[in-house]
Amino acid sequence: MTDIPSQAVWSRCPDVAFVDDGNRVVVLALANPWTSRTMLLDGPAAVIWRLLTEPAGTCEVCERIAAIYERSPNSVEREVQDVLEALVTVFLVERQPAKGP
Amino acid sequence: MAEEQTATLRVGEAVHLAHALLTRLAELEGVRILFIKGPTAVLMGARPPRPSSDVDVLCEPGGMEKLGTALERCGWRRRVPERAKPQFVYAAKYLFDHSVHYIHDEWPSDLDIHFNFPGFFAPDDVVFEALWERRATAEVAHWPVPCADFLGQACVVGLHALRDPEKPLSRIDLEHLASALRETSAEGRLALSHLAATTGCSASLRPLLDEVGAEEPMSAWKDSPRLHQWSTRTGHGAVPTVPWLLELRETPWRSRPALIWQALFLPSDQLLSSHVGLEPSRGNIARLHLRRWRRALRNLPRGIVATRQTVGSDRDRHS
């Protein structure tokens, strides 16, 4: 598993349709509709998807996830990065490098 | 975490996501479409909110083949194969053939791709262009989709309800439309009259136009042969047994036993087409057959009278 820079900024991919009734998030990536299939997001993936209504950095996502699950940001960082990376591989989320100082 | 969702996709989710999928496919294929009825009609204020079980979209003339091919690439297929023998040979002239239904094993909702809509008597291209000119954009599944605007949806929803105005949902929709249209300005009602005239639905939409005090428009399509089909379909054709009785009446005697067998034992996929999501078990199919036979028996006397009236009015028309 590659280490992702903690300064990375994450955002939803633009070509994704989704429905969210508060309990379930079902997404359909439409960049290439010929091969895409609907996907159910649950647990942390659904929470992270909802958090990304605006682009957010890794630290911000960790802090918000930690607050929801009542854990420390450090303790959720690995899991958050795993989920974000998984969402990238299925073309739901994209990663932008943070701008330098 | 992120699982591929198949059989557990819910109907409401499928309907909304299918709007986005169709929009995307149409965009890629360069085909113009307009969503009608369903979620877009609700968003435009032309229908009360309630769940939809399928997706209705009007496709520009000449675009059906490209859009159909695109859907098939995504795993959709026609509910009735193109090469299938038409169910009605003789009764077809009394009925409207207006859309192609697509289904998908992993999606619990049908797609109804319309090439016209019953009640519009102007040519298909005239109807589409009139609705396209005043189109709106709605957001469904967080995706912008093109749709008929409020007045366009009012025509479509109104025409749909007027095909069978005694049904409870039809009454609800007509009351909702009448209320919404009364709240529009005089200019809005004038625009509705103009749209009805342009698209040739002023006769078919007459009850709604009268209800809201919209003036009767001069229409170039008042004497369309489709008006006769409409009258048949809404007046008598709304009785479930009429299409079969019309077909039986015209079928040669030696072919009637086969037709009666066909009428009694519809193929399972046709039976299930109105019951999206129902498991295709033998028990369920048997129950659907029974329900259908009971409904046919209940409507048989009315159907016989309606069939005679339909044939009689058709004979008068041609005499």
Side-chain angles (χ1 to χ4, degrees), chain A residues 1 10-55 61 65 68-69 76 78-95, chain B residues 1-31 33 35 38-40 43 49 51-52 55 66-76 102 104-109 111 137-146:
Chain A
M1 193 81 62
W10 308 87
S11 59
R12 291 177 184 169
C13 288
D15 292 329
V16 177
F18 70 96
V19 289
D20 181 359
D21 67 355
N23 293 316
R24 288 160 57 101
V25 179
V26 182
V27 294
L28 178 64
L30 289 170
N32 184 355
W34 322 114
T35 55
S36 67
R37 298 174 75 179
T38 57
M39 279 185 272
L40 173 68
L41 303 183
D42 59 6
V47 176
I48 288 173
W49 177 262
R50 291 185 181 117
L51 289 177
L52 292 179
T53 50
E54 296 292 332
V61 176
I65 289 288
I68 290 168
Y69 289 98
V76 303
R78 185 74 260 168
E79 194 176 347
V80 165
Q81 289 188 342
D82 288 347
V83 169
L84 286 167
E85 193 174 348
L87 291 173
V88 167
T89 61
V90 291
F91 306 106
L92 297 179
V93 166
E94 50 193 17
R95 177 176 68 231
Chain B
M1 188 277 300
E3 308 163 17
E4 286 192 352
Q5 179 67 34
T6 53
T8 54
L9 186 62
R10 294 170 184 168
V11 174
E13 293 164 348
V15 167
H16 281 70
L17 289 171
H19 277 70
L21 174 64
L22 269 168
T23 301
R24 180 67 173 139
L25 291 177
E27 175 198 2
L28 289 171
E29 295 298 319
V31 173
I33 57 171
F35 288 96
T40 59
L43 288 167
S52 298
V55 178
K66 282 169 93 173
L67 191 60
T69 303
L71 281 168
E72 285 162 13
R73 271 183 75 188
C74 295
W76 295 80
Y102 283 86
H104 191 297
D105 290 340
E106 295 170 10
W107 291 67
S109 75
L111 305 181
T137 300
E139 190 168 275
V140 180
H142 299 85
W143 197 270
V145 305

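Order of the sequence lines fixes the chain letters, A, B, ..., with proteins taken first and strands second; residue numbering starts at 1 for each chain.
- Only the side chain of B/R24 has a heavy atom closer than 4.5 Å to any heavy atom of chain A.
- Side-chain contact between A/L30 and B/W143: present, with at least one pair of heavy atoms (C-beta onward) separated by less than 4.5 Å.
- Within the 3.5 Å criterion, the main-chain N or O of A/A17 finds no donor-acceptor partner in the side chain of B/H142.
- A/D21 has its side chain within reach of B/R10: a pair of non-hydrogen atoms, C-beta onward, lies under 4.5 Å apart.
- Remark: A/E79 pairs with A/R71 by the salt bridge (Lys or Arg N to Asp or Glu O under 4.0 Å) rule, at least two apart or across chains.
- Contact annotation for A/V25: neither backbone nor side-chain heavy atoms come within less than 4.5 Å of a heavy atom of chain B.
- Between the CG atom of B/L9 and the OG1 atom of A/T38 there is a distance of 4.5 Å, given to the nearest 0.5 Å.
- Contacts between B/L71 and chain A at a heavy-atom distance below 4.5 Å are absent for every atom of the residue.
- Of the inter-residue distances, the one linking A/W34 atom CH2 with B/L28 atom CG reads 5.5 Å to the nearest 0.5 angstrom.
- Both the backbone and the side chain of B/A70 come within less than 4.5 Å of a heavy atom of chain A.
- At a 4.5 Å heavy-atom cutoff, the contact between B/L21 and chain A is made by backbone and side-chain atoms alike.
- Taking CD of B/E13 as the start and CG of A/L40 as the end, the distance is 8.0 Å to the nearest 0.5 Å.
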